[in-house]
Amino acid sequence: MRWVALLRGINVGGKNKIEMSRLRNVLEVNGLTNVSTYIASGNILFSSPDRSAARLTTTIEDLIAGEFGLDIRVLVRSASNIRDVAAAIPGDWATDDEHKADVMYLWKQASRGDILERVGVRPVDDVRHVHDALLWRVRRKDFGRSGLSRLAANPIYQQMTARNVNTARKLAELLDG
């Protein structure tokens with residue numbers, strides 16, 4: 001079965017540095033197959049006969065702790081979930097000069113019906129809750145008035161890992177290619 005592991009908070013501002021080639025090797029040596037990474041922000045595509053995202057999450061977190069000495073949260077999603085999230089992104093959304101558009105992949109405990117209220121959506125925000133993820137777009141000129149600009153201070157932020165919509169689409173494409 002194909003999976004994607006999303007690592008939270010690695011290679012950001014010189015902190016929690018993980019070399020992707022070394023990580024790929026550790027995962028392959030420990031039984032994952034067809035391992036590839038996409039950019040250094042912690043996107044790992046792999047295959048495993050294990051059908052439990054929870055077990056795979058624990059395995060990857062333990063391997064990272066053992067190899068790199070880092071306590072990194074990992075969110076494992078099935079290939080079908082990654083594709084479904086990417087397909088739900090409106091076609092005209094992009095991270096570009098005019099807009100900031102992100103996908104916040106949510107841990108299960110955060111993905112409740114009241115998530116939009118809990119994250120502080122503002123009138124300038126366009127936010128959708130789909131497939132245990134938030135799709136969030138705001139005009140760059142409105143960013144300072146956006147709930148997105150305050151999200152990192154919200155406790156719920158610890159229960160998500162963000163990628164821009166371009167990366168979310170690319171992950172789905174890589175799974176298909």
Side-chain angles (χ1 to χ4, degrees), residues 1-13 15-16 18 20 23 27 32 35 37-48 50-89 93 95 100-121 125-138 146-172 174-175:
M1 183 168 173
R2 288 294 280 165
W3 299 93
V4 175
L6 303 167
L7 281 59
R8 187 175 191 288
I10 69 156
N11 298 335
V12 178
K15 295 183 180 178
N16 296 328
I18 294 181
M20 293 296 103
L23 178 59
L27 297 176
L32 302 182
V35 179
T37 57
Y38 176 67
I39 63 177
S41 61
N43 307 292
I44 307 163
L45 298 89
F46 65 96
S47 296
S48 174
D50 194 334
R51 301 185 77 76
S52 168
R55 274 194 306 269
L56 290 166
T57 296
T58 300
T59 296
I60 295 169
E61 287 176 347
D62 289 349
L63 290 170
I64 290 170
E67 181 70 18
F68 299 95
L70 297 171
D71 182 23
I72 300 297
R73 294 200 59 208
V74 175
L75 182 62
V76 174
R77 293 287 183 92
S78 67
S80 63
N81 175 266
I82 294 294
R83 288 184 193 106
D84 289 346
V85 169
I89 300 167
W93 283 28
T95 294
K100 179 166 178 46
D102 293 321
V103 175
M104 280 63 166
Y105 296 93
L106 304 168
W107 269 264
K108 281 286 187 195
Q109 60 269 32
S111 190
R112 300 188 327 236
D114 66 343
I115 184 70
L116 297 181
E117 293 80 28
R118 290 184 294 133
V119 296
V121 175
D125 297 317
D126 187 352
V127 184
R128 298 144 194 222
H129 181 206
V130 297
H131 310 292
D132 294 324
L134 293 177
L135 309 179
W136 200 315
R137 182 173 80 155
V138 63
S146 168
L148 187 57
S149 71
R150 295 164 181 80
L151 189 58
N154 187 322
I156 196 80
Y157 186 67
Q158 300 304 314
Q159 298 299 316
M160 60 180 69
T161 185
R163 304 296 186 272
N164 72 50
V165 295
N166 305 339
T167 297
R169 287 183 179 121
K170 184 65 177 183
L171 291 172
L174 290 169
L175 286 165

Assess whether a salt bridge exists between Arg163 and Asp102, defined as any Lys/Arg side-chain N lying under 4.0 Å from an Asp/Glu carboxylate O. no

Residues that Asp50 engages under side chain to side chain contact (heavy atoms under 4.5 Å, CB included), provided they are two or more places apart: Ser48, Ser52, Arg55, Leu56

Listed partners of Leu70 passing side chain to side chain contact (heavy atoms under 4.5 Å, CB included), at least two apart: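 Applying side chain to side chain contact (heavy atoms under 4.5 Å, CB included) to Leu70 gives Asn16, Ile18, Ile64, Phe68, Ile72.
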
Applying salt bridge (charged side-chain N to carboxylate O under 4.0 Å, His left out), which residue pairs with at least one partner in residues 62-74 are found, sequence neighbours left out? Arg22-Glu67

Can you confirm whether [X] sits close enough to [Y] that some side-chain heavy atom of one is under 4.5 Å from a side-chain heavy atom of the other?
X	Y	answer
Gln159	Leu106	no
Val4	Leu6	yes
Val85	Leu135	yes
Ile44	Leu27	yes
Met104	Leu148	yes
Tyr38	Leu171	yes
Asp126	Val138	no

Starting at [atom1] of [X], measure out to [atom2] of [Y] and round the result to the nearest 0.5 Å.
X	Y	atom1	atom2	answer
Ile89	Trp136	CD1	CH2	15.5 Å
Arg8	Leu75	CZ	CG	10.5 Å
Ile60	Trp3	CD1	CH2	10.0 Å
Leu23	Leu7	CG	CG	6.5 Å
Lys100	Asp125	NZ	CG	12.0 Å
His131	Asn81	NE2	CG	7.5 Å

Arg137: salt bridge (charged side-chain N to carboxylate O under 4.0 Å, His left out) partners, not counting sequence neighbours: none

Arg77 vs Tyr105, test: side-chain contact (heavy atoms from CB on, under 4.5 Å). Steps then yes/no. CA-CA 9 Å; Arg77 293 287 183 92; Tyr105 296 93; 3.7 Å; yes

Which heavy-atom pair separates [X] from [Y] by the least distance, and what is that distance?
X	Y	value
Thr167	Ile39	OG1-CD1, 3.9 Å
Phe46	Arg2	C-NH1, 3.2 Å
His129	Ser111	NE2-OG, 2.8 Å
Ala40	Ile10	O-CD1, 3.7 Å
Leu174	Leu45	CB-CD2, 3.8 Å
Ala172	Ile82	N-CG2, 4.0 Å

Can I get a per-line list of side-chain donor-acceptor pairs under 3.5 Å for residues 151-158, giving both atom names and the distance, sequence neighbours left out?
unit_1 : atom_1 : unit_2 : atom_2 : d
Asn154 : OD1    : Ile156 : N      : 2.9
Asn154 : ND2    : Arg118 : O      : 2.7

Will you find, in the side chains of Thr95 and Asn166, an N or O donor that is under 3.5 Å from an N or O acceptor? no

Audit row: Thr59, Leu32, side-chain contact (heavy atoms from CB on, under 4.5 Å) steps and yes/no: CA-CA 10 Å; Thr59 296; Leu32 302 182; 5.8 Å; no

Please walk me through it: do Val103 and Leu134 pass side-chain contact (heavy atoms from CB on, under 4.5 Å)? CA-CA 6 Å; Val103 175; Leu134 293 177; over 6 Å; no

Go through the structure and list residues passing side-chain hydrogen bond (donor to acceptor under 3.5 Å, both in side chains) with Thr37, not counting sequence neighbours.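 For Thr37 the side-chain hydrogen bond (donor to acceptor under 3.5 Å, both in side chains) partners, ignoring immediate neighbours, are Arg24.
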
Given side-chain contact (heavy atoms from CB on, under 4.5 Å), test Ser47 with Met1 step by step and report yes or no. CA-CA 5 Å; Ser47 296; Met1 183 168 173; over 6 Å; no

